[in-house]
Amino acid sequence: MDAFDKDLAIDDIQFGLNQLGIANVLQLMDKYGLPKVLKSGSFYESYVPKRLDQASPHQLAALTSYIKAHTKTGVSLDEMASRLRDDNAFGLFISHSQSQEAEALALKEQFALGGVECFVASDDIETSSEWLVEIVDQLEQMDGLMSLTTQQSILSATCNQEIGFALGAGKPVVSVMVGEAPQGLVGSMQAISWKDRFSEKDVALFVVEALMKFPQCSEKLTSLLVRQLVSYDQPHESFKVIGFCRKALTFSDCLTAGQIFELRKAVIENEQIARFASGRGPELIESLCVDFEKRAAVA
């Protein structure tokens with residue numbers, strides 16, 4: 001794990017900021033919370049370096065990540081959120097302590113069945129990457145965060161900062177309690193309890209159910225799950241993919257008429273659905289559609 005080099009980060013940021021107009025520079029520094037200083041001396045040679053020097057490592061890491069992705073003059077800040085991920089994708093950051101790495105990776109595999117792109121720091125960060133910059137970059141891009149909450153994670157400054165970043169950015173956060181609930185505020189918060197009888201698939205589906213309750217997640221997740229279910233036509237792991245997506249879609253309250261049409265069309269055209277659950281796949285998908293239509297009619 002590479003140590004964060006503040007001087008190197010400042011050099012990278014200054015190189016990028018010098019290519020932007022003053023208005024854009026001020027927007028960026030304010031967006032990432034860099035401390036204010038007196039506006040004296042040259043803007044690029046005095047004012048900007050003073051603010052960078054007083055910034056925290058996390059503020060510099062976030063700004064470095066942005067600068068490396070955008071170096072063109074006048075780039076819109078609104079473009080940042082979608083710069084590296086497909087607009088139709090759903091990204092989930094899995095925050096965990098070192099002792100829960102195995103559980104985090106197992107959950108990542110389960111979420112992948114539904115097309116959800118998970119980031120697990122211990123698995124996804126290259127050894128040559130600057131750790132802090134990469135973490136902040138992924139937190140910027142995510143659609144939500146899932147925390148594997150343990151006594152160890154409560155004591156981890158990194159885990160606490162990851163959750164704080166997500167909450168501060170208005171991102172949905174779902175906590176999964178592993179073992180005994182920690183003492184204090186986090187232990188008293190509503191969360192999913194990972195009991196011994198629950199498999200990784202169970203927990204992943206519980207998290208999807210929780211995310212579906214957030215308006216900013218429900219439509220995007222629903223669309224993703226429908227696409228994954230209707231388009232997956234490979235024999236390899238088809239039962240797992242179709243089973244996960246079908247169950248996950250039962251938690252959605254926002255299936256559209258078009259998506260229901262897609263599901264019913266796939267029942268006819270996708271032979272993997274026909275083979276699912278010993279030939280009961282079409283029946284199960286049709287039942288999903290009918291149940292949603294009934295709920296929609298009552299609402």
Side-chain angles (χ1 to χ4, degrees), residues 1 4 56-58 61-62 90-125 131-218 220-221 224-225 244 247-248 251-252:
M1 184 188 303
F4 180 75
S56 71
H58 278 78
F90 189 95
L92 185 65
F93 190 106
I94 300 182
S95 176
H96 66 96
S97 64
Q98 189 173 14
S99 62
Q100 303 306 132
E101 179 180 351
E103 288 90 340
L105 292 175
L107 287 171
K108 179 181 177 179
E109 289 186 11
Q110 290 298 318
F111 285 117
L113 297 175
V116 176
E117 299 176 5
C118 290
F119 178 82
V120 178
S122 55
D123 185 54
D124 293 325
I125 294 182
W131 189 270
L132 186 55
V133 172
E134 188 72 13
I135 288 288
V136 173
D137 187 43
Q138 291 297 327
L139 286 166
E140 286 273 5
Q141 298 178 61
M142 69 180 177
D143 292 288
L145 180 144
M146 188 206 77
S147 168
L148 280 173
T149 306
T150 63
Q151 295 289 351
Q152 290 78 17
S153 71
I154 295 299
L155 300 176
S156 167
T158 300
C159 290
N160 282 306
Q161 288 164 351
E162 289 167 353
I163 294 170
F165 185 103
L167 291 172
K171 308 276 187 176
V173 175
V174 177
S175 179
V176 176
M177 298 288 186
V178 183
E180 184 179 352
Q183 299 296 315
L185 178 61
V186 175
S188 65
M189 292 173 62
Q190 183 177 0
I192 296 165
S193 179
W194 192 338
K195 301 183 184 300
D196 291 339
R197 67 177 183 275
F198 294 154
S199 66
E200 288 87 359
K201 178 182 177 181
D202 293 330
V203 175
L205 286 169
F206 291 151
V207 173
V208 170
E209 181 179 15
L211 289 170
M212 283 289 191
K213 296 175 182 177
F214 292 92
Q216 64 267 51
C217 294
S218 54
K220 195 172 186 181
L221 264 178
L224 174 64
L225 291 163
F244 185 93
K247 180 62 177 177
F251 304 130
S252 174

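We use all heavy atoms of the structure for the numbers below, so side chains are in, but hydrogens, waters and symmetry mates are not.
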(request) Please test T149 against S147 for side chain to side chain donor-acceptor pair (under 3.5 Å), starting from the C-alpha separation and ending with a verdict. (result) CA-CA 6 Å; T149 306; S147 168; 3.1 Å; yes
(request) Show your working on side-chain contact (heavy atoms from CB on, under 4.5 Å) between V116 and L221 and close with a plain yes or no. (result) CA-CA 8 Å; V116 176; L221 264 178; 4.0 Å; yes
(request) Supply the atom-to-atom distance K108 NZ to L92 CG, rounded to the nearest 0.5 angstrom. (result) 11.5 Å
(message) Is it the case that over 12 heavy atoms from other parts of the model lie below 6.0 angstrom from the CD atom of Q98?
(response) no
(message) Please report the interatomic distance NZ(K247) to CG(D202), rounded to the nearest 0.5 Å.
(response) 9.0 Å
(message) Less than 4.5 Å apart, side chain to side chain, heavy atoms only: is that true for L205 and F251?
(response) yes
(request) Identify the two heavy atoms, one from F244 and one from A204, that lie closest to each other, and give their separation to 0.1 Å. (result) CE1-CB, 3.9 Å
(message) Heavy-atom count check: over 12 atoms from other residues, nucleotides or ligands less than 6.0 Å from K171 NZ?
(response) yes
(message) Any non-hydrogen side-chain atom of L145 less than 4.5 Å from a side-chain atom of L167?
(response) no
(request) Taking the side chain as every heavy atom from C-beta outward, state whether F111 and V207 have any atom pair closer than 4.5 Å. (result) yes
(request) First locate atom CD of E117, then atom CZ of F93, and finally report the distance between them rounded to the nearest 0.5 Å. (result) 14.5 Å
(message) Restricting to non-hydrogen atoms, name the atom on V174 and the atom on F214 that form the minimum distance, rounded to 0.1 Å.
(response) CG2-CE1, 4.3 Å
(message) Please give me the minimum heavy-atom distance between G170 and Q216, naming the atom from each residue.
(response) O-NE2, 3.6 Å
(request) Applying side-chain contact (heavy atoms from CB on, under 4.5 Å), name anything that partners E200, two or more places apart in sequence or on another chain. (result) A106, L107, Q110, W194
(request) Evaluate the side-chain proximity of F119 to Q141: yes if any heavy-atom separation is below 4.5 Å, no if none is. (result) no
(request) Drop me the distance from F206's CZ to K195's NZ, to the nearest 0.5 angstrom. (result) 9.5 Å
(request) Check S153 against N160 and note the closest heavy-atom contact, atom names and distance. (result) O-ND2, 4.1 Å
(request) Please tell me if the side chains of M212 and L225 come closer than 4.5 Å, counting only heavy atoms from C-beta onward. (result) yes
(message) For Q152 and S97: C-alpha separation, side-chain torsions, deciding distance, then whether side chain to side chain donor-acceptor pair (under 3.5 Å) applies.
(response) CA-CA 6 Å; Q152 290 78 17; S97 64; 4.9 Å; no
(message) Once rounded to the nearest 0.5 Å, what's the spacing between atom CD of E101 and atom OG of S99?
(response) 10.0 Å
(request) Carefully, step by step, assess H96 and E103 under the rule side chain to side chain donor-acceptor pair (under 3.5 Å). (result) CA-CA 9 Å; H96 66 96; E103 288 90 340; over 6 Å; no
(request) Measure the SG-CD1 distance between C118 and I94 for me, rounded to the nearest 0.5 Å. (result) 4.0 Å
(message) If the test is side-chain contact (heavy atoms from CB on, under 4.5 Å), which one of V176, V178, L148 qualifies with V203?
(response) V176
(message) Run the side-chain contact (heavy atoms from CB on, under 4.5 Å) test against E109 and tell me which residues pass, sequence neighbours left out.
(response) none
